[in-house]
2 protein chains.
Amino acid sequence: MKRIAESTVRRLSIYLGFLEKAEQRGVLTTSSDDLAKLGGTTSAQVRKDLSFFGSFGKRGLGYSVPELSSHIREILGLGRSWNVCIVGAGKIGSALAQYAGFADRGFIVTGVYDSDRARVGSRLAGLTVRDTTSLEADVAAGEYEIVVLTVPPGNAQDVVDLVVGAGAKAILSFAPTQLTVPADVELRTVNMAMELEALTFALTNRDR
Amino acid sequence: MKRIAESTVRRLSIYLGFLEKAEQRGVLTTSSDDLAKLGGTTSAQVRKDLSFFGSFGKRGLGYSVPELSSHIREILGLGRSWNVCIVGAGKIGSALAQYAGFADRGFIVTGVYDSDRARVGSRLAGLTVRDTTSLEADVAAGEYEIVVLTVPPGNAQDVVDLVVGAGAKAILSFAPTQLTVPADVELRTVNMAMELEALTFALTNRDR
DNA sequence: ACTAGCTTGTGAAGAAATTCACAAGCTCCC
DNA sequence: GGGAGCTTGTGAATTTCTTCACAAGCTAGT
């Protein structure tokens, strides 16, 4: 199968968001044009994105909302639930642990870790914060499919190396630092300063 | 001037991160190859990225770390400080308000808003949480250059419309919903579910 | 059963981003 | 002063992504 562009995957997530909203409202049918308008793209792009994975519509009619929704969920790997652990029980880690939006899409936080003795043992979102020293064994035991990192930038690479060594294959980092992982590990980084910088760049270079 | 690709801006942020680290360590000189290796790209890409804005290196020698660093800061609009307000003093909003990483790059949180009476008036990161009813006037008065949104998805578009109406030109949203703004307003959205979905997509479609 | 009116799916064209490859230019050393 | 050894800056080639444009296919109405 052809390599799928990252931008395609991002758009699929966006389409899915609309489909789920439409589903709740009881809408039965939609078109590539609807999805395009809502998602800020073109209908050709929508159809091309979907065409990489199959053909889900009916010509002349459009797409069945529940069908397409279910197909995209399957494509994105949301046909099952995923166990997530959060490493770093600071401000952002705590906020994420309590964030309800994850569960909606099948992401279940089943572990929270911190290396600060003061936090270990405390309760967070129905879980007891564990010591980071037990993280390696828990990852190796296959307790989690995804590791979310909310540790200070100085520790981030160490934690990455630890969990990768234990067999982790997917990491989402909120640490504002560039991390390296082997090629067979998926890493995504959310860097808030970087997002703000994209804004200031645009503001500063607005009219060129 | 030619339109600059978003990917170029993102890479400039990454280069800047390394340059600042190098600066702290007292490194005086670097090369496109160094920057490429650290940032996971190629030296040609680094040079091409920089070439859009000028020519900052010396052939045979490389780049002066402090010089290049300062040039990139200028390009990204970081040569000044920016006033930021946070709308939504929930878990994520509070975490961001207290996040030190912003100040390092010249982003100063000078206002926090919430529409929940219970939160209005409380203290957060040295600021008093204000009522969202005063947000429109404060934005119109030019108090903020950037609005950060950490409100529930249902309210996000309303707040966007409000601040855009008041003249806001740059918005960073953490609400997991697609938002629309006029063409002259910069909007970026950080959607954590979407990041996780990119991971599960990769995990699910790993070996095709 | 046929026509009118949609919307999909997809090769082909076009645009954009990345990589290649090399001349230009700087420094050091003899 | 001139050659050796680097690294930059940048057109050109290549690859990747998006848009175009239209045949294929479905439905409803007559």
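Because the structure is predicted, anything quoted here is derived from the model rather than measured. In what follows, every chain begins at residue 1, and chains take the letters A, B, ... in the order their sequences are listed.
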Is any side-chain heavy atom of [X] closer than 4.5 Å to a side-chain heavy atom of [Y]?
| X | Y | answer |
| --- | --- | --- |
| A:Asn191 | A:Gln178 | no |
| B:Lys21 | A:Thr177 | yes |
| B:Leu179 | B:Ile171 | no |
| B:Gln157 | B:Val160 | yes |
| B:Phe102 | B:Val84 | no |
| B:Glu197 | A:Val9 | no |
| B:Arg47 | B:Tyr63 | yes |
| A:Arg105 | A:Leu16 | yes |

> Counting side-chain heavy atoms from C-beta on, which of D:dA12, D:dT8, C:dG9 comes nearest to A:Arg47?
Replying inline: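 Of the options given, the side chain of A:Arg47 lies nearest C:dG9.
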> Any idea which of D:dC17, C:dA17, C:dG9 is nearest the B:Arg3 side chain?
Replying inline: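 Looking only at heavy atoms from C-beta outward on B:Arg3, the closest nucleotide is C:dA17.
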> Below 4.0 angstrom from OP1 or OP2 of D:dC17, is there any side-chain N or O of A:Thr8?
Replying inline: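 Checking D:dC17 against A:Thr8, no side-chain N or O comes under 4.0 Å of OP1 or OP2.
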>> At less than 4.0 Å, is any side-chain N or O atom of B:Tyr63 found next to OP1 or OP2 of D:dC6? Yes or no.
In response: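 So the side chain of B:Tyr63 is outside the cut-off, no N or O lying under 4.0 Å from OP1 or OP2 of D:dC6.
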Please confirm whether the backbone N or O of [Y] pairs with a side-chain atom of [X], one donor and one acceptor, at under 3.5 Å?
| X | Y | value |
| --- | --- | --- |
| A:Thr42 | A:Gln45 | yes |
| A:Asp138 | A:Glu143 | no |
| B:Thr200 | A:Leu76 | yes |
| B:Thr29 | B:Ser64 | no |
| B:Thr41 | B:Ala36 | no |
| B:Thr150 | B:Ala175 | no |

> Counting only non-hydrogen atoms, which of residues 11-22 of chain B are less than 4.0 Å from DNA chain C?
Replying inline: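 Contacting residues: B:Arg11.
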>> Just to verify, what does B:Ala97 make a side-chain contact (heavy atoms from CB on, under 4.5 Å) with, not counting sequence neighbours?
In response: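 With sequence neighbours excluded, B:Ala97 shows a side-chain contact (heavy atoms from CB on, under 4.5 Å) to B:Ile86, B:Val112, B:Leu124, B:Ala125, given in chain and number order.
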If you restrict it to nitrogen or oxygen atoms, what contacts under 3.5 Å exist between nucleotides 1-4 of chain C and the protein, and what is each distance?
none

[atom1] of [X] versus [atom2] of [N]: gap in Å, rounded?
| X | N | atom1 | atom2 | value |
| --- | --- | --- | --- | --- |
| A:Lys48 | C:dT7 | NZ | C1' | 16 Å |
| B:Ile4 | C:dT18 | CD1 | C1' | 15 Å |
| A:Asp49 | D:dT16 | CG | P | 17 Å |
| A:Glu6 | D:dT16 | CD | C1' | 13 Å |
| A:Phe53 | C:dT10 | CZ | C1' | 16 Å |

What's touching nucleotides 23-26 of chain C from the protein side, N or O pairs under 3.5 Å?
| unit_1 | atom_1 | unit_2 | atom_2 | d |
| --- | --- | --- | --- | --- |
| C:dA24 | N3 | B:Arg59 | NH1 | 2.8 |
| C:dG25 | N2 | B:Gly60 | N | 3.1 |
| C:dC26 | O4' | B:Arg59 | O | 3.2 |

> Contacts to DNA chain D from residues 24-45 of chain A, heavy-atom cutoff under 4.0 Å, which residues?
Replying inline: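 Residues of residues 24-45 of chain A under 4.0 Å from DNA chain D: A:Thr42, A:Ala44, A:Gln45.
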> For DNA chain D, what is the dot-bracket line, given that a base pair needs Watson-Crick (N1 to N3, plus N6-O4 or O6-N4) or G-U wobble (N1-O2 and O6-N3) geometry with both distances under 3.5 Å, and | means paired with another strand?
Replying inline: ||||||||||||||||||||||||||||||
> Can you list the steps and then say if A:Glu67 with A:Lys58 is a salt bridge (Lys or Arg N to Asp or Glu O under 4.0 Å)?
Replying inline: CA-CA 11 Å; A:Glu67 255 180 50; A:Lys58 279 204 177 60; 5.3 Å; no
